[in-house]
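Below is one structure, written out as structure tokens, with a few remarks after it.
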Amino acid sequence: MSEEREHKTEGRRSWLDDPKTVRKIVLALFVLCAGLFFADGFYEKHSHFGAEDVFGFYALYGFVMCVVLVVGAKLMRVFLMRDEDYYDRDR
Amino acid sequence: MTAIASINPGLILILGALPIPLLPQAIRRLYLLALPALGFAAVYQLEPGTLITMEAFGLTLELLQVDRLSLVWGYIFNIAAFLGFLFAWHDRDAVQQISAMIYAGAAIAAVFAGDLVTLFIYWELTGISSVFLIWASRTDAAYRCGMRYLLIQVSSGVILLSGTVAWYMLTGSIDFTHIGIDSLAGKLILLAFGIKCAFPLLHNWLQDSYPEATVTGTVILSAFTTKLAVYALARGFAGTEVLIYIGAVMAVFPVFYALIENDLRRLLAYALNNQLGFMVVGVGVGTELALNGTAAQAFSHILYKGLLFMTMGAVLFRTGTCKASELGGLFKSMPLTAGFCIIGAASMAFPLFAGFVSKSMIITAVAVEHHSVIWGTLLFASVGVFLTCGLKLPYFTFFGQDSGHRVKEAPWNMLAAMGLTAFLCVFIGCYPAVLYDILPYPVDYKPYTSYHVIQQLQIMMFTALAFVILLTFRIYPMDRKSINLDTDWVYRKAGPWAAKRLLGALGAMGSSIESALTQATTNTITVIKRHHGPEGMMAKTLHLSSMVVWVVAFLAFILLMDFVRGL
């Protein structure tokens, strides 16, 4: 995430501009995700469907669906993306 | 208070809108806030079961019908109007003020309409009054967009009216109760509701028009029309199975669009469409839990979606743009707005926020009825909407690549409106009993179980993880100056193209017919001229002797004929 940043700012640099901070945030996210994933071993599930009983089901589902969505949407761009003035061109 | 208890609370706003232009600005601003506050008080003291009727044209019009379903919408519409007018406090445009007030009033009045004819009147009024919020942008694009919007809104009303007539012929009643889709009338009425509810393929007026409205207009628009349609569906079509599938499709496909959309207000319109899908599924399932979920979701959705539209409105107001490709790094200039945006995003699903205690009721209701595919679809849709509204929207606006905008924080009134809305989102999330108490049916649902909290956090955090990873490896579709084709292509591009071709072909046919006729006329004239013109044979003056020859020849011919006959 930090590699994406290009700073046009002069002066007002915020603590969030520091790549170190960003790295820390990303690290925290990783730790949190790992914790949540393994939390599945410590409570009782009240599931309606068999799939829910898979260890870390919701974590895996969230991750995989997110990737599916992004890849799908990228493919859609091939067919559906047009210039901003597409509808005004004939005028 | 008995007098006020017998009129439709929507009328307070509708009639109250009329003197707005006569008031001086300072008083007018307070007046605009006072009307929805009064409206809220009027709704608050309504008793479920109240019914005020009037006889007209041989029909029984139910001008005011109160039950626990309509009360939920009555409360939230007044709250939304209040917050919307607070957000628009700085605005001096009387046209917008009047139309927004009538629009909000019409939506509230429609909720308390007990029969289909009264509903139709307010249904059309919402469409006609709200178009001025789009036209108030005063651009050519907004004018044309408003025309498209109006055409679709009015069509929905006309279809509702024809459905009402058919329903009256069938049942002899115009009472607005459960209708169902067994009859033609039911199908027509469902179509009318479906247009306003932005069903798949009927949806595109929403994404077309909302981003064209003014900064404050979009905030107002986002609250009423579609949620009124959800209410109408819940009243007329609860438990209609086809709605489960319509709602599921509706929850999924807009998130793909939202992911690649550059205009952030349009992104929110797609996300709004997706959230409506959840509510439509709830109506389709039709159990008490599902309908409670739909009502609760409509309530919290109006708040958090309104909050997100407000933050984007504030960004548009300060920077003059709402496009992801032109934004980024705004948290330095607008830290409070950024904070409210994050609260709005979190309110969609995180524990302790409004969406968590409402949306999950619908998903649970689906699971209880064992619709496994629909359940999986709705989970997918929640991942999608969190990815687009919860991560993409704040990231590309307030963080990410710095766009270099150095602007002031949003004005105090916008901050106040956002702050109040954010407070309500958190309040409902922390004290769901407040919301559960006003739902149509008794609530036996506990959102804060360890299972539910952990599963929700797992979904959200792993979505965030995927977002970060996809962004780092540059797989995530970057913001690009662009638009994406949707069903409006049919009437904005294909329709005009076909019409042009058709007119062209008709024109060519017309001119060939015309030239053929001209040719024929010319030929006729030439022939006539040849025989009857100055040089023509028929115009010649003949000599007397030749005339005598002709007469003799003629008489001889008759004589001959007579002779032949006599044989």
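Computed from a predicted model, the values in this text were never measured in an experiment. Residue numbers begin at 1 in each chain, while the letters A, B, ... track the order of the sequences. Side-chain atoms are counted along with the backbone in the values below, which use heavy atoms only and exclude waters and symmetry mates.
Under a cut-off of 6.0 angstrom, the local environment of CZ in F79(A) is sparse, with at most 12 non-hydrogen atoms contributed by other residues, nucleotides or ligands. Crowding of D444(B) atom CG: a count of heavy atoms from other residues, nucleotides or ligands under 6.0 Å not exceeding 12. By the neighbour-count criterion of 12 heavy atoms within 6.0 Å, atom OH of Y143(B) is sparsely surrounded, having that number or fewer from other residues, nucleotides or ligands.
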Inset, instruction - Go through W489(B) and R82(A) one step at a time and tell me if the side chain to side chain contact (heavy atoms under 4.5 Å, CB included) criterion holds. - result: CA-CA 11 Å; W489(B) 180 82; R82(A) 295 289 185 280; over 6 Å; no
Inset, instruction - For F57(A) and Q455(B), run side chain to side chain contact (heavy atoms under 4.5 Å, CB included): C-alpha distance rounded to whole Å, both residues' side-chain angles, the deciding distance at 0.1 Å, then the answer. - result: CA-CA 8 Å; F57(A) 167 76; Q455(B) 73 178 50; over 6 Å; no
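For chain A, the option among L259(B), L465(B), T463(B), I469(B) with the highest count of heavy-atom pairs below 4.5 Å is L465(B). When each of M461(B), R492(B), K481(B) is scored by its heavy-atom pairs under 4.5 Å with chain A, the top score falls to R492(B). Comparing G384(B), P477(B), G328(B), S450(B) by heavy-atom pairs within less than 4.5 Å of chain A, the highest count is held by P477(B). Looking only at heavy-atom pairs under 4.5 Å with chain B, the residue among M65(A), M81(A), R77(A), M76(A) that has the most is R77(A). Interface check for chain B: of the options F37(A), F30(A), F63(A), F49(A), the most heavy-atom pairs under 4.5 Å are formed by F49(A).
Taking 4.5 Å as the limit, every side-chain heavy atom of T472(B) sits out of range of all side-chain heavy atoms of V26(A). Between S47(A) and Y451(B) the shortest side-chain heavy-atom distance falls below 4.5 Å. L485(B) has its side chain within reach of Y87(A): a pair of non-hydrogen atoms, C-beta onward, lies under 4.5 Å apart.
Rounded to the nearest 0.5 Å, atoms CZ (F467(B)) and SG (C66(A)) are 8.5 Å apart. Atom-to-atom distance recorded for L80(A):CG and F256(B):CZ is 12.0 Å, nearest 0.5 angstrom. With rounding to the nearest 0.5 Å, the separation of NE2 in H48(A) from CD in E369(B) is 9.5 Å. Atom OH of Y58(A) and atom CD1 of I454(B) lie 12.0 Å apart (nearest 0.5 Å). With rounding to the nearest 0.5 Å, the separation of CG in L75(A) from CD1 in I260(B) is 10.0 Å.
F386(B) does not touch chain A: none of its heavy atoms, backbone or side chain, sits under 4.5 Å away. Contact annotation for Y43(A): only side-chain heavy atoms (C-beta onward) come within less than 4.5 Å of a heavy atom of chain B. For D488(B), the parts lying near chain A are the backbone and the side chain together; criterion is any non-hydrogen pair under 4.5 Å. Of the atoms belonging to H370(B), heavy atoms from both backbone and side chain fall under 4.5 Å from chain A. Of the atoms belonging to L470(B), it is side-chain heavy atoms, and not backbone ones, that fall under 4.5 Å from chain A. For L387(B), the part lying near chain A is the side chain, with the backbone staying farther off; criterion is any non-hydrogen pair under 4.5 Å. In this structure, no portion of F42(A) lies under 4.5 Å from any heavy atom of chain B.
Here the options are V252(B), T388(B), V255(B), the test is side chain to side chain contact (heavy atoms under 4.5 Å, CB included), and the partner is L69(A); only V255(B) passes.
Using a distance-only test at 3.5 Å, with no hydrogens or angles considered, a donor-acceptor pair links the side chain of K74(A) to the main chain of I475(B). Not a single donor-acceptor pair under 3.5 Å links the side chain of Y61(A) to the backbone N or O of V383(B).
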